[in-house]
Structures are given as C-alpha cells and as structure tokens.
Amino acid sequence: MDPTANLIDPMNLAESLEALRTSTISKVAEVQDLDGLATVENEAVGRESPIAAARRGLGKMPNEDRSDAGRLINEVAKQIEAIVAMRRDELQAEAQEAAITAEAIDVTVDYAEIASGRLHVIQQVTDEVCDIFVGLGYHVAEGPEAELAWYNFDALNTPLAHPARLGMDTMYVDYGDDEDGMVLRSHTSPIQARYMETNEPPVYLVAPGKAYRNDTIDASHLPVFHQIEGLAVDESITFSDLKGTLAEFARQFFGSGTRVRMRPHFFPFTEPSAELDVSCFNCDGSGSSCRVCKGVGWLEMLGCGMVDPNVFEAVGYDPDAVTGFAFGMGVERLAMVRHGIDSIRHFVDNDVRFLNQFPG
Ligand code: DAH
C-alpha cells in the first residue's frame with residue numbers, strides 16, 4: 001500500500017491531511033489513463049486509504065475533538081474526489097477524441113480525377129433526330145433485334161424470292177420453330193409492322209435501333225449499324241406530307257437553308273418509293289470543288305415512300321380507310337455526312353481521340 005496510508009497522524013491531523021491532499025493532486029495531474037486514475041483515487045480515499053483509516057480512528061478521539069476532526073476529514077476527502085472527477089472527465093474526453101481520429105474515414109479522396117463518360121456520337125445523333133420528330137408530334141417506339149422473318153420481310157410485302165432474304169445478305173438465328181425462321185433484323189422497318197399490329201391509327205412514330213447485315217466491313221459498311229425508322233398513318237396522308245415532313249427534318253438537322261429533292265426508287269413496303277437527297281450544307285448545293293458532296297451539290301440521305309396497301313393488310317389496317325408514309329435513315333451515314341467522317345470504322349474503333357471530338 002501507498003506510504004501515504006501511514007501519513008495520517010491523529011496527533012497531527014490537519015497537517016497529515018494537507019500532505020495527503022497535495023501529494024494526491026500531483027499524482028492526479030500526472031496520471032495518463034483512467035485505470036491509473038482509479039488506482040490513485042483508491043489509494044487516497046478508498047476502503048484501505050489513509051482517509052478511511054482516519055475515519056475509523058475518529059472513535060478513539062476525545063469527544064470534544066471528534067466533530068472538528070470529522071469535518072476536516074470529509075472536506076479533504078471531497079476536495080480529492082472533486083479533483084479526481086475533473087481529471088476523469090478530461091481523460092474520457094481525450095480517449096473519445098483519440099477514438100474518433102483513429103476511426104475517421106476520409107471521404108474527400110481524389111474523386112475529381114475519375115473521368116466521366118459521354119454519349120457515343122451515334123447515340124447523340126439518334127437522340128437529336130428523335131427529338132426533332134418528337135417536336136413534330138411523333139413518339140418513339142422500339143422493337144426486338146432478333147426478329148421473326150415474318151415481321152422483317154413478309155409483313156413488309158417482301159416475298160420469299162426477294163434477294164434480301166438470302167443468307168448472303170441477312171443473318172439468320174437458329175432459334176424457335178417459326179416456319180419462316182428468325183433473323184437479326186436487317187432494318188428497323190419491322191417495328192412499323194409490330195406497332196401497327198397492336199395499335200389503331202392514327203400512328204406517328206420514330207423507331208431507332210440496331211440493324212444487322214451480312215456485310216464485309218469497309219469504309220461505308222458495318223455488319224451492325226443503326227437506323228431510325230419513321231411512320232405516319234392517318235386518314236388522308238399524302239406524298240406532299242412526306243416531302244414537307246422530311247424537308248422540315250432536313251432544315252432542323254442540317255441547317256435552315258437546306259433544300260431537299262426526291263428521286264424515284266424501289267422498296268417492297270412503299271409505293272411509290274423514293275430516295276431523299278439534301279442540298280450539301282458545305283457548298284450550299286453549288287458543288288464547286290466541294291469535298292463533302294464530291295461536286296454533286298446533293299447528299300443522299302434516306303429511303304422513303306407511301307406505305308404499300310399490302311403492308312396495311314398484313315397488319316390488319318383497312319387500306320381504303322387510311323394512307324401513310326414511311327422512311328428509314330442510317331444513323332452512321334447522318335453522322336458521317338454531318339461531321340465529315342471518312343470511314344464508318346471510326347464509330348467502332350473505340351479510339352478516344354475520335355470520340356472526344358464529339359463532347360455532346
Ligand atoms: N428499310 C430500308 C432499308 O433498310 C429503309 C427504308 C426505306 C425504310 C423506305 C422505310 C421506307 O420505312 O419507307 O434500306
């Protein structure tokens with residue numbers, strides 16, 4: 001036991017208590033943890049402490065000294081306990097502070113260095129075209145990429161003997177037991193048929209998506225590319241509605257001075273059919289030594305026409321009650337013409353030096 005245990009001398013009570021008080025104060029100040037503090041406290045005022053011994057000794061004192069002695073002992077004991085309590089608060093606060101520091105997580109680590117991505121230029125152009133048509137009152141529809149041959153060909157008035165149906169041009173999928181088979185859709189046009197089959201006229205839709213063809217890769221062909229389909233069906237739609245709509249689209253996409261022209265063409269699902277050219281935005285149609293249109297003055301843009309009555313019949317519409325127009329455009333082609341891109345391969349090379357030129 002601490003030597004202070006012997007300090008309390010009943011003959012010299014005040015001095016002994018004062019000595020205990022000062023020695024305890026300096027020990028409390030030195031102690032560095034809660035366990036050490038408990039020991040110091042116990043030694044000063046605990047059961048076996050000089051204070052406890054002094055209290056036990058009170059009984060042997062003469063009556064007249066006893067109450068003064070008792071008061072003195074209690075006073076010193078209280079002071080010691082108060083000092084211990086203060087130091088305990090301090091040590092507890094320090095321990096808590098240390099725990100918080102030790103367990104802290106730094107949530108500010110270098111997040112700014114993570115580069116954020118951006119939409120691919122093909123997606124940007126797709127969104128832009130769809131937005132233009134949404135502004136004209138159209139809505140956006142989608143369809144499956146693995147498609148029944150019936151929607152890809154038959155419903156679109158494309159007979160079994162049509163060359164596009166050959167495996168040379170179209171990729172067939174070995175799936176299901178449909179007698180016509182299943183293909184990776186060779187164009188987005190089957191979305192027209194699927195939509196009309198389950199929706200009553202009027203119809204005003206654009207349908208973006210991937211298309212697949214058994215093509216060898218070169219500067220203008222990829223086996224997987226993107227198209228945007230358009231379809232308008234209503235009670236009295238005419239060819240001039242088609243031309244007016246596409247002219248408005250061309251002005252919004254290529255610039256307000258853009259003119260359009262149509263050349264006769266053939267598609268199985270439209271009659272009559274046409275190809276739409278837009279005046280070259282680079283030379284304004286003059287063609288003079290223009291690298292964009294190669295001197296032609298016009299840029300070939302898309303296929304279109306009036307929906308063939310056989311298509312209406314295939315999807316359950318009455319060809320005597322409605323007319324409509326349709327069009328289909330290649331997104332890669334739109335992007336290449338607009339941005340002067342010389343090879344379609346750039347779109348799939350994933351070279352950030354190319355992609356970063358289209359921040360969106
Ligand atoms: N599906 C045609 C193609 O891939 C493009 C096309 C032409 C779509 C005329 C149409 C259309 O809707 O009316 O070449």
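Keep in mind the model is a prediction, meaning the values are calculated, not measured. Atoms within each ligand, like the ligands themselves, are counted from 1 in listed order.
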Note to self: According to a hydrophobic-cluster definition based on side-chain heavy atoms being under 4.5 Å apart (Ile, Leu, Val, Met, Phe, Trp, Tyr only), do Met329 and Ile122 belong together?
What the structure shows: yes
Extract all N/O-N/O pairs under 3.5 Å that connect ligand 1 to the protein, and present each with both atom names and the distance rounded to 0.1 Å.
unit_1   : atom_1 : unit_2 : atom_2 : d
ligand 1 : 1 (N)  : His187 : ND1    : 2.9
ligand 1 : 1 (N)  : Ser189 : OG     : 3.0
ligand 1 : 4 (O)  : Arg213 : NH2    : 2.8
ligand 1 : 4 (O)  : Gln227 : NE2    : 2.9
ligand 1 : 12 (O) : Gln192 : NE2    : 3.0
ligand 1 : 12 (O) : Glu229 : OE2    : 2.6
ligand 1 : 12 (O) : Phe327 : N      : 3.4
ligand 1 : 12 (O) : Phe327 : O      : 3.3
ligand 1 : 13 (O) : Ala326 : O      : 3.2

Worksheet entry | Residue from Asn214, Thr158, Asn152 passing side chain to side chain donor-acceptor pair (under 3.5 Å) with Ser186 |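 Testing Ser186 for a side chain to side chain donor-acceptor pair (under 3.5 Å) against Asn214, Thr158, Asn152 leaves exactly one candidate, Asn152.
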Evaluate the side-chain proximity of [Y] to [X]: yes if any heavy-atom separation is below 4.5 Å, no if none is.
X      : Y      : value
Phe347 : Val331 : no
His139 : Val203 : no
Arg66  : Asn63  : yes

| task | Apply side chain to side chain contact (heavy atoms under 4.5 Å, CB included) to Thr270 and list each qualifying residue two or more places apart in sequence or on a separate chain. | result |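 Scan of Thr270 (side chain to side chain contact (heavy atoms under 4.5 Å, CB included), adjacent residues dropped) gives Phe267, Ser273, Ala326.
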